[in-house]
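One structure is given here, and the rest of the page talks about it.
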Amino acid sequence: MIWNSAAEFWAMGGYGFYVWGSFGVTAMLMALEIGWVRQQRQRVLAQVAAESASEQGLSKDWQS
């Protein structure tokens, strides 16, 4: 398809709202997914660190 102006490109032959809305929703969901993954990673790392510290404390108690 050939567009004669930027306005025609953005309008996408009358389907611009659907096309650009779909791109927008997809980009938003991808950004949210990245945020959720980072948040979960931080939770897991904190949990592993806490468990490791707890296990090290227990091993010191056993050695005493």
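Counting begins at 1 with the first residue of the sequence.
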Original post:
In Å and rounded to the nearest 0.5 Å, what is the CD1 to CD distance from I34 to Q39?
Top reply: 14.0 Å
Original post:
Can you hop from V19 to V25 via hydrophobic side chains spaced under 4.5 Å?
Top reply: no
Original post:
Under a 4.5 Å side-chain heavy-atom rule over Ile, Leu, Val, Met, Phe, Trp and Tyr, are L32 and V37 clustered together?
Top reply: no
**OP:** Flag yes if more than 12 heavy atoms outside M28 fall under 6.0 Å of its CE atom; otherwise flag no.
**Re:** yes
Subject >> Pairwise distance CD(Q40) to CD(Q42) - rounded to 0.5 angstrom >> reply: 10.5 Å
**OP:** Supply the atom-to-atom distance Q47 CD to R43 CZ, rounded to the nearest 0.5 angstrom.
**Re:** 10.5 Å
Original post:
Is there a donor-acceptor pair closer than 3.5 Å between any side-chain N or O of W20 and the backbone N or O of W10?
Top reply: yes
Original post:
Can any side-chain N or O of T26 pair as donor or acceptor with the backbone N or O of S22 at less than 3.5 Å?
Top reply: yes
**OP:** Output the distance between atom CZ (F9) and atom CG (N4), rounded to the nearest 0.5 Å.
**Re:** 13.5 Å
Original post:
Crowded around F17 CZ? As in, over 12 foreign heavy atoms under 6.0 Å?
Top reply: no
